[in-house]
Amino acid sequence: MAPVRIAFSIDSLKLGGAERVLLRWAGWCRDAGWDVVVITRQSPDRDVYPLPPGVRRCLEPSLPAAFERLGWLAFPLRVYQLRSLLRRERCQLAVGVTTLPAVKLLLACYGLPIRCVVSERNYPPAKPPLLPWRWLRRLTYPWADLNLVQTQITGFWLREHCGVRRQLLLPNPVAWPLPDREPSIDPNLWLAPGVPLLLGVGTKAKQKGFDRFMPVFSALAQELPSLHLALLGLSQGSYQGLDQQVWLRDKLGQDPGLQQRLLLPGMVGTMAAWYSRATIFVLPSRFEGFPNVLLEAMAAGCACVASDCLTGPAELIDHDVNGVLMPKDATCEDWIVAIKELLQDRSRCKALGQEATKVRERFSPERLRHDFLEALRPLSHG
């Protein structure tokens, strides 16, 4: 019997949680004996993550230069090219990850004998796409044979606003132990031994709320002269028109001593070492889908303090049992008090971190792999 042919579609394999989860799913399908291809629009020179062994890579054909300049108006041609690629690959099943690739995939597969699965990666109202994409999402999402949702509230929103009925609640699997990759950046080269460290991780500073954490760190650093803050994942240079590192340093103020204690190493491949080095992990996000970095930090045994934004952290943290959840309306002073209390009570830090490691079992890849494959197998047979 020929193996199931499945395609995963996403814009790129840049740094991010959606990209990591897609590759984990692709690896699960490969382990099940399926023929797996990952399709991206962006070229491999933007890749951060390697493909799992045995998984093929396809690039959507680029448009002629004249059509590229049309921007959104060239979208129908992109749909046609993706449709042609899927037909050449003779795919039986296709999975679109994040809103735009999912919409494009559903349109490309319309009328073809390909079963489609889509997955939102953020709570939709928190990061709404442009109006045409919202219309297309409302039109196309009910066509999907299955919607993979990370949280119940996202599933409810999709039912109410997009008419989505066929759903599977599938949180992200925890990666433990965390593998190292390049770039290898040793926290011990950035910090003196024993120095307390607040750690945040993310590629999007505004979504992660790093800007509103600057006055929190500033106030804590005045009282604790050795305290450092490391924010990992923020690349140098422009991101959507903003140099995030410069922006955050401006928010922190001009004190040179304080600036030296804000560490911005950029992309880091040795995350396990940084989690191990952290005194407290902080996630002051404005919104989340299902925060991989919080899941990883908890698996690593960090004492975690996270904002109780509408989705994500509350799925992971039981307040004051395995972490600290800050109310959505918490003030800067509330954050200062909560973190200062933890810094002064190392036994409580240790207890929260030990309890946090139970996410390794709760979100184990083995358990979620079973749910994922069992949901896809009936679709793969038509």
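Values below: every heavy atom of this structure, side chains too, minus hydrogens, waters and symmetry copies. None of these values were measured; they are calculated from a predicted model.
Smallest separation of non-hydrogen atoms from Gln259 and Leu252: NE2-CB, 4.0 Å. Across all their heavy atoms, Thr140 and Leu106 have their closest contact at O-CD1, 3.4 Å. When all heavy atoms of Lys328 and Leu310 are compared, the closest pair comes out as CD-N, 4.3 Å.
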Assess the residue pair Gln152 and Leu169 against the criterion (side-chain contact (heavy atoms from CB on, under 4.5 Å)); give the C-alpha distance rounded to whole Å, side-chain angles, the decisive distance to 0.1 Å, and a yes or no. CA-CA 7 Å; Gln152 290 182 345; Leu169 179 63; 3.9 Å; yes
Starting from the C-alpha separation in whole Å, work towards a yes-or-no answer on side-chain contact (heavy atoms from CB on, under 4.5 Å) for Phe287 and Thr311. CA-CA 7 Å; Phe287 65 93; Thr311 64; over 6 Å; no
| said: Please evaluate residues Asp320 and Arg348 with respect to the criterion salt bridge (Lys or Arg N to Asp or Glu O under 4.0 Å), reporting the C-alpha separation (whole Å), side-chain torsions for both, the decisive distance (0.1 Å), and the verdict. | reply: CA-CA 9 Å; Asp320 225 16; Arg348 182 174 170 231; 2.6 Å; yes
Set out, in order, the CA-CA distance, both residues' side-chain angles and the distance that settles side-chain contact (heavy atoms from CB on, under 4.5 Å) for Thr203 and Ser235, then state yes or no. CA-CA 7 Å; Thr203 59; Ser235 59; over 6 Å; no
- Message: Between Ile339 and Val216, is the side-chain contact (heavy atoms from CB on, under 4.5 Å) condition met? List the steps.
- Response: CA-CA 9 Å; Ile339 293 174; Val216 177; 4.2 Å; yes
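Remark: the Thr99 side chain and the Glu120 side chain contain an N/O donor-acceptor pair separated by less than 3.5 Å. Side chains of Asp186 and Ser184: no donor on one and acceptor on the other come within 3.5 Å. With hydrogens and angles left out, the side-chain atoms of Thr40 and Arg57 include a donor and acceptor closer than 3.5 Å. For the residue pair Arg121 / Asn172, a side-chain donor-acceptor distance below 3.5 Å is found, with atom types taken as modelled.
The backbone N or O of Arg87 lies less than 3.5 Å from no partner atom in the side chain of Arg90, so there is not a single donor-acceptor pair. Remark: the backbone N or O of Ala230 is not paired with any side-chain donor or acceptor of Trp190 at under 3.5 angstrom. Without hydrogens or angle criteria, His319 side chain to Val324 main chain gives no donor-acceptor distance under 3.5 Å. Ser276 contributes no side-chain N or O that, together with a main-chain N or O of Ala272, makes up a donor-acceptor pair within less than 3.5 Å. Between the side chain of Arg166 and the backbone N or O of Asn147 there is no donor-acceptor pair closer than 3.5 Å. Side chain of Gln42 to main chain of Asp11: no donor-acceptor pair is present (N/O by atom type, distance under 3.5 Å, no hydrogens or angles). Between the Ser226 side chain and the Val195 main chain, no donor and acceptor come within less than 3.5 Å of each other. Judged purely by atom type and a 3.5 angstrom limit, Glu355 has no side-chain atom pairing as donor or acceptor with the backbone of Gly323. The main-chain N or O of Val321 is never found under 3.5 Å from a side-chain atom of Asp318 such that the two would form a donor-acceptor pair. Listed for the Arg360 side chain is no donor-acceptor partner under 3.5 Å among the backbone atoms of Met298.
With Glu60 as the partner, the salt bridge (Lys or Arg N to Asp or Glu O under 4.0 Å) test is satisfied by one option alone out of Arg41, Lys104, Arg78: Lys104.
For the pair Asp35/Ile6, no side-chain contact is recorded, criterion being any heavy-atom separation below 4.5 Å from C-beta on. Using a 4.5 Å heavy-atom threshold, the side chains of Arg83 and Leu107 count as separate. Side chains of Cys302 and Ile280 form no contact here, defined as non-hydrogen atoms less than 4.5 Å apart.
Aromatic pair Trp133/Phe75: ring centres closer than 6.0 Å. Ring centers of Tyr123 and Phe290: at least 6.0 Å apart, outside the cut-off.
When the shell of 6.0 Å around CH2 of Trp143 is examined, it contains more than 12 heavy atoms from other residues, nucleotides or ligands. Within 6.0 Å of NZ on Lys204 lie more than 12 heavy atoms contributed by other residues, nucleotides or ligands.
With hydrophobic clusters built from ILVMFWY side chains whose heavy atoms lie under 4.5 angstrom apart, Leu376 shares a cluster with Val36.
Residue Ile114 belongs to a hydrophobic cluster whose other members are Val37, Ile39, Leu82, Leu85, Leu86, Leu105, Leu112, with links defined by side-chain heavy atoms closer than 4.5 Å.
Within the structure, every pair that satisfies the salt bridge (Lys or Arg N to Asp or Glu O under 4.0 Å) test and touches residues 271-290, not counting sequence neighbours, is listed here: Lys208-Glu288, Asp211-Arg286.
One distance of note links CZ of Arg212 with OG1 of Thr331; it measures 11.5 Å at 0.5 Å rounding.
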